[in-house]
Amino acid sequence: MRKHGLKMYSRNPSSYTPLRESAWQKNGARSLTLGLDELRNERQIAMFSQKDSQAYRHYEEKVKRLVTAIEPILDLSVADTMTFLRAESVWGKINALLRSPCLRKAATSVSLLGADIPALYEFLTAPASSILNHWFESEPLKATLSTDAVIGTMTGPYTPGSGYVLLHHMMGGTGWSYPKGGMGAVTQAMAAAAASYGAHIFTNVEVSRICLNGDGQAAGVVTSEGREIKATIVMSNATPYVTFQKLLPQAALPEKFQAAIESINYASPITKINVAVNKLPNFLADPCEKENEPMPLHQCTIHVNCENTEIINQSYNCALNGDISDRPMIEMVIPSSVDPTLAPPGCHVCLLFTQYTPYHLRNGATWDDKTKENYAKQVFSNIEEYAPGFTDSIIGMEVLTPPDLDEIFGLTGGVSLA
């Protein structure tokens, strides 16, 4: 996509966790910054625990070995996987391996784990808290790492299986970056790349149903305007619920498959708050050297209310009961700190990824405008404890609650035809 105009701003350091004043350490530690520099990571972690500073490198090495083993499995096609699973004899399974390079690569990578196989099992099944408690003792480090185990999911750090999400966030190996011009630049580059191979892209054209031929195979789509477009392959990136329950005739699917689709839980704990500010947040833990001039910490994912794993878990438990936490987990990113095209000079965009917020509020309450406003004020009040003056710097905002995000991401999507 770089060939088609995509430019990425890499982030190093990439993670910043400020501590509230009440949590500042006697030795002067006020924040935790992590990135690609191993020596800097060790120095940062050593402010909280010498033991953890030595363990962190070994932890990352272990996780990288596990990721190397499991990534090929995620690349397997459904056809290859089913052929292997359906083979009843050993020779049948061997034959499936021999005929599929991807299967061979996946099998080989897992077999090479050896003594690390128990660790892989632990990451796939255990709570993130159990894994991190095994490796580390300092809460700011454990809580910071825990955010990658729960972000975007209705699970807490003590939920079995959250360890896999922790592992998943280490996959890819390219690190986190900001696209120049915002996330829309990614889809624009994708569109340009597709068009260069002859694709035709239509936007603001709603697909009302997928057409089937006499054999029950997809044969094209019909738009909401009644136009029929024939195709031999139909690909949908709408949710399975929308694709199979809304776009296909009910009788086209086996009952068991329909039941499986209906049982998928799409509940989201996320409320996104997009904020425009007239100056950068100035954190008490690491004050700006020059007013409104970006520091390395501003390019990071900034973790607020993440000094302690229990704070995150308490927010999760509130959401389970239909309540809005007084101290939600907040991840702030400020892409304009490295990309000046996103805001006028001196101004910035702060994107706040907050959880946990319940989809359904207790006692039948709804996410009306007043509830949204009150929640946003609570989030800003939390940030004020770390960066005084944040609320006064806000010149515009947008609040997207779980039902809002469900409508945006759950009920929309694209359909590709070939």
Side-chain angles (χ1 to χ4, degrees), residues 13 15-34 40-41 43-53 56 128-129 132-133 136-151 156-158 269 271 273 275 277 279-289 291 295-298 300-319 321 323-334 350 352-357 374-394:
S15 172
Y16 174 69
T17 304
L19 277 60
R20 289 195 307 277
E21 274 191 277
S22 60
W24 288 358
Q25 307 291 295
K26 293 181 179 180
N27 66 355
R30 299 181 175 186
S31 64
L32 175 65
T33 303
L34 299 174
R40 177 179 170 81
N41 288 344
R43 289 194 298 269
Q44 283 282 307
I45 297 170
M47 293 191 298
F48 300 95
S49 167
Q50 287 289 342
K51 173 179 173 289
D52 287 359
S53 71
Y56 185 71
S129 59
L132 295 173
N133 285 338
F136 308 114
E137 61 184 11
S138 59
E139 274 302 324
L141 176 60
K142 289 191 290 184
T144 297
L145 296 178
S146 289
T147 62
D148 273 347
V150 301
I151 193 69
Y158 299 102
T271 291
I273 306 177
V275 178
V277 295
K279 63 179 180 180
L280 283 167
N282 191 9
F283 291 90
L284 289 172
D286 297 276
C288 291
E289 297 174 359
E291 186 177 1
M295 295 172 63
L297 67 87
H298 289 110
C300 297
T301 295
I302 301 169
H303 305 279
V304 175
N305 290 335
C306 295
E307 298 97 333
N308 191 292
T309 307
E310 192 53 40
I311 298 175
I312 299 173
N313 193 57
Q314 287 172 1
S315 178
Y316 168 65
N317 287 331
C318 280
N321 294 322
D323 296 322
I324 299 174
S325 171
D326 290 337
R327 196 166 286 285
M329 186 182 98
I330 303 168
E331 288 200 349
M332 174 194 292
V333 293
I334 313 173
C350 292
L352 307 176
F353 209 72
T354 75
Q355 70 181 80
Y356 301 81
T357 49
N374 288 339
Y375 177 69
K377 287 180 178 179
Q378 180 63 50
V379 169
F380 301 153
S381 175
N382 282 188
I383 296 174
E384 284 281 337
E385 296 181 39
Y386 299 82
F390 179 78
T391 303
D392 289 340
S393 72
I394 296 173

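The first residue in the sequence is number 1, and the count goes up from there.
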To the closest 0.5 Å, what do you measure between CG (D148) and NE2 (H303)? 7.0 Å
Using side-chain heavy atoms (C-beta onward) and a distance below 4.5 Å, is F283 in contact with L297? yes
Under 3.5 Å, is there a donor-acceptor pair between the side chain of S129 and the main chain of P157? yes
Grab the two heavy atoms, one from S31 and one from P18, that are nearest each other, plus how far apart they are. CB-CA, 3.9 Å
Would you say Q25 and R30 make side-chain contact, with heavy atoms under 4.5 Å? no
Kindly indicate whether the side chain of L34, heavy atoms from C-beta on, has any atom under 4.5 Å from the side chain of I45. yes
Of the non-hydrogen atoms in E21 and L284, which two are nearest, and what is the gap between them? OE1-CD1, 3.8 Å
Checking N321 side chain against D323 main chain: does a donor-acceptor pair fall under 3.5 Å? no
For residues S315 and Q355, determine if any side-chain heavy atom of one lies less than 4.5 Å from a side-chain heavy atom of the other. no
Measuring from atom CD1 of I302 to atom CZ of F353, what distance do you get when rounded to the nearest 0.5 angstrom? 15.5 Å
Take E310 and Y158 through the test side-chain contact (heavy atoms from CB on, under 4.5 Å) and record every step on the way to the result. CA-CA 9 Å; E310 192 53 40; Y158 299 102; 3.4 Å; yes
Do the non-hydrogen side-chain atoms of F390 and M332 ever get within less than 4.5 Å of each other? yes
In the structure I gave you, are the side-chain heavy atoms of V304 and V379 within less than 4.5 Å of one another anywhere? no
To the nearest 0.5 Å, atom SG of C318 lies from atom CD1 of I324 at 10.0 Å
Minimal non-hydrogen separation, V150 against G156, with atom names: CG1-C, 3.6 Å
Can any side-chain N or O of E384 pair as donor or acceptor with the backbone N or O of G389 at less than 3.5 Å? yes
Answer yes when E307 and R20 have at least one side-chain N-carboxylate O distance shorter than 4.0 Å, and no when they do not. yes
Paired with Y16, the side-chain hydrogen bond (donor to acceptor under 3.5 Å, both in side chains) test is passed by just one of T301, D286, T33, namely D286
Could you walk me through whether I151 and M329 pass the side-chain contact (heavy atoms from CB on, under 4.5 Å) check? CA-CA 9 Å; I151 193 69; M329 186 182 98; 3.6 Å; yes
Rounded to the nearest 0.5 Å, what separation is found between the CG atom of N382 and the CG atom of N305? 4.5 Å
Look only at the side chain of T357 and the backbone of P269, and say whether a donor-acceptor pair between them is shorter than 3.5 Å. yes
Minimum heavy-atom distance between A285 and P287, given as atom pair plus value: C-CD, 3.9 Å
Going by side-chain hydrogen bond (donor to acceptor under 3.5 Å, both in side chains), name the residues that satisfy it together with N374, two or more places apart in sequence or in a different chain. none
Any chance you could lay out the side-chain contact (heavy atoms from CB on, under 4.5 Å) test for L141 and F48, step after step, and finish with the verdict? CA-CA 8 Å; L141 176 60; F48 300 95; over 6 Å; no
Between T144 and P140 the two heavy atoms that sit nearest each other are OG1-O, 2.7 Å
Full working for side-chain contact (heavy atoms from CB on, under 4.5 Å) between Y356 and I312: CA-CA 9 Å; Y356 301 81; I312 299 173; 3.9 Å; yes
A side-chain contact here means heavy atoms from C-beta on lying under 4.5 Å apart; do L352 and I383 qualify? yes
Nearest-0.5 Å distance that lies between atom CG in L132 and atom OG in S146: 5.0 Å
How long is the straight-line distance from CG of L19 back to CG of N308, given to the nearest 0.5 Å? 10.0 Å
Check for a donor-acceptor pair, side chain of N282 on one end and backbone N or O of C288 on the other, with a separation under 3.5 Å. yes
Within a strict 4.5 Å, meaning less than it, do heavy atoms of the C350 and I334 side chains meet? yes
